[in-house]
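Some notes on the structure that comes next.
Nothing fancy with the numbering, it's 1 onward along the sequence.
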Amino acid sequence: MGFFGKRNRGSGSSKLAANLRDEKQKFELIVNAIEDGVMLLDDQGVIQLFNPGAAKITGWSSDEATGLSATAVIKLVDTKNQPCEDSQNPLIQIFQTGQSIRVNDTILVTRSEKQLPIGLDISPLLSEDRQVTAAVVVFRDIADQRAEEQRRADFISTASHEMRTPVAAIEGYLALALNPKVTTIDNRARDYLEKAHSSTQHLGQLFQDLLTSAKAEDGRLSSHPVVVEMGAFLEQLSSDLKFAAEKKGLFTDFTVGSNSVINASHEAGGERVIRPLYFALVDAGRLREVVTNLYDNAVKYTPEGKVSMGLTGDAQVIQFYVRDTGPGIPPEDLPHLFQKFYRVDNSATRTIGGTGLGLFICRKIVELYSGRIWVESELGKGSSFFINFPRLSAQQAAEKQAAEVNSTELQPINSLASS
Ligand code: ADP
């Protein structure tokens, strides 16, 4: 019988009290009572401890699982039912990185081949020379939570879709009423109608954001990642976006590496400055939404000063930022900023319209391309929103671009074959 095979069933309070004095018994009582799956892995990734919670979730008994490799018992697949690659498998990665891992989007294939969404937390136990000597894995069945989230997302998605149509009609009629070629109205009526029109536009934006965030949550956001050279892409985008900032009297700036683009993309002192190329695998349309949102926020919340955009990186990572000299964000709000509907409660947000969904959508999109988004801010000085993406080498970019060309050339043949 395995370590946790014996259950402590209460056989009198005095026995329990005696048990509680025994460290090992205490430990067993706690680990047996935890409903989550708990495993202890040795430095080879072999299961040394498998509690009843783990047995219930996986369908493997403690005796069977103990002594086996964790990856043989905890079989993980992605949302497309593809086995988790070693480089993505947290049960393998923990021994390579030595960093705690938390995953919420993985699927466990149980012993009876049933697929179960699980949440997984893995913590390494490190020796003095920072080698991973063991790992503690805690996992839980999140099927009910997922089903509930799905029901909520479906409701929001249907409701916002249905409500967009009447809102668009109201907006259209208000625009007609405000059109001097169509109607004659006095100034007071114009003022009221303009206010109604702008609130209706806000409502339309809210429904649009709700729809996008519901799609982002259940993975229905359309996305076609291709190789994008971020320098050229962001330079173009910044020249499209800067008009809104300049209209408000703000200075603007765009920098690649440490050089201003104005110098980097032209002949400088007779010599051509060669700018590094930053390739990433992203959907340009989706990325445009993200950058536009960050830039719009920077303009919206900055009364005076400057909005800058920049791009840097190293061999592995591309980093870009949108920085402003606005009021900054209080430190206590920073951890919540990328949550749904979160808005900093201050006089600015009370007067400046917004839905609190923009940054949530940005995070969801950035995560689609294995990126990370975060903010650094100092009150009274301004805020910088950063995004990191994995960088493709020039060779990887060329290979992927060739594959993209091939797949588009093949498409008509495929569609002929299937028709
Ligand atoms: P909103 O529609 O309210 O702008 P977002 O999700 O885009 O929603 O932003 C969330 C909140 O973060 C905003 O309400 C605002 O309080 C704060 N915020 C975002 N960007 C900035 C910025 N550049 N400067 C100051 N505050 C910001």
Side-chain angles (χ1 to χ4, degrees), residues 1-8 24 26-127 130-150 217-219 367-368 370 372 390:
M1 182 155 281
F3 187 55
F4 287 96
K6 274 179 270 152
R7 287 229 179 218
N8 275 292
K24 184 169 166 254
K26 268 196 268 184
F27 178 67
E28 274 195 40
L29 264 175
I30 293 170
V31 179
N32 282 350
I34 294 174
E35 283 198 16
D36 287 354
V38 179
M39 296 195 302
L40 177 67
L41 312 184
D42 66 15
D43 59 349
Q44 300 299 309
V46 172
I47 300 173
Q48 298 300 329
L49 181 160
F50 200 77
N51 80 337
K56 198 168 157 206
I57 296 171
T58 60
W60 291 77
S61 73
S62 302
D63 288 348
E64 288 168 327
T66 308
L68 294 180
S69 162
T71 49
V73 174
I74 307 293
K75 290 191 194 119
L76 301 176
V77 293
D78 63 19
T79 43
K80 296 188 189 102
N81 201 14
Q82 294 302 311
C84 199
E85 283 175 26
D86 286 2
S87 62
Q88 301 294 322
N89 191 329
L91 295 162
I92 295 173
Q93 282 306 303
I94 189 78
F95 293 100
Q96 285 166 10
T97 64
Q99 307 266 334
S100 298
I101 303 179
R102 164 167 283 201
V103 195
N104 252 329
D105 58 355
T106 194
I107 295 166
L108 168 82
V109 182
T110 66
R111 187 157 195 203
S112 55
E113 302 288 320
K114 218 174 88 194
Q115 296 202 352
L116 201 66
I118 57 165
L120 190 74
D121 292 322
I122 313 185
S123 310
L125 303 177
L126 300 174
S127 62
R130 304 205 58 81
Q131 295 298 312
V132 182
T133 52
V136 177
V137 184
V138 180
F139 56 99
R140 66 204 70 83
D141 173 355
I142 55 169
D144 288 348
Q145 184 189 329
R146 276 287 135 81
E148 179 54 34
E149 282 167 8
Q150 186 61 46
E217 274 182 296
D218 57 16
E367 285 171 358
L368 278 180
S370 312
R372 191 165 80 84

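For the pair I122 and F139, the minimum side-chain heavy-atom distance is 4.5 Å or more. T71 is not listed as a side-chain neighbour of D86, based on a closest heavy-atom distance of 4.5 Å or more. Side chains of Q115 and N81 form a contact here, defined as non-hydrogen atoms less than 4.5 Å apart. Counting heavy atoms from C-beta outward, L76 and N89 have side chains that approach closer than 4.5 Å. Taking 4.5 Å as the limit, some side-chain heavy atom of F50 sits within range of a side-chain heavy atom of V73. When side chains are defined from C-beta on, L125 does not count as touching V132, because their heavy atoms never get closer than 4.5 Å.
Between P124 and I94, the closest heavy-atom pair is CD-CD1, 3.8 Å. Counting all heavy atoms, side chain and backbone alike, S61 lies closest to A55 at CA-CB, 4.3 Å. Summarising the geometry of P52 relative to V31, their closest heavy-atom pair is CD-O, 4.4 Å, with the distance given to 0.1 Å. S370 and P390 get closest at one heavy-atom pair: O-CD, 3.5 Å.
Within 6.0 Å of CD in Q96 there are more than 12 heavy atoms belonging to other residues, nucleotides or ligands. The environment of Q150 atom CD is dense: over 12 non-hydrogen atoms of other residues, nucleotides or ligands sit within 6.0 angstrom.
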Quiz item: Between N104 and I142, does a side chain to side chain contact (heavy atoms under 4.5 Å, CB included) hold up when you go through it step by step?
Solution: CA-CA 9 Å; N104 252 329; I142 55 169; 4.1 Å; yes
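A side-chain contact (heavy atoms from CB on, under 4.5 Å) with L108 is found for one member of I118, D141, L120, V77 and no other, namely I118. Between M39 and the choices L91, V138, T58, L49, the side-chain contact (heavy atoms from CB on, under 4.5 Å) rule is met once, by L91.
Listed for the N51 side chain is a donor-acceptor partner under 3.5 Å among the backbone atoms of D36. A donor-acceptor pair under 3.5 Å is absent between the side-chain atoms of S100 and the main chain of S123, judged by distance alone. Between the side chain of E148 and the backbone N or O of A143, no donor-acceptor pair lies under 3.5 Å.
One distance of note links CD1 of I74 with SG of C84; it measures 12.5 Å at 0.5 Å rounding. The CG atom of L40 sits 7.0 Å away from the CD atom of Q48 when rounded to the nearest 0.5 Å. We find the CG-CD1 distance between L116 and I107 to be 9.0 Å, quoted to the nearest 0.5 Å. Separation of atoms CZ (F95) and CD (Q131) is listed at 12.0 Å; rounding is to 0.5 Å. With values rounded to the nearest 0.5 angstrom, L29 atom CG is found 11.0 Å from I34 atom CD1.
Applying the salt bridge (charged side-chain N to carboxylate O under 4.0 Å, His left out) test to residues at least two apart or on different chains, the pairs with a partner in residues 111-122 are E64-R111, R102-D121, D121-R140.
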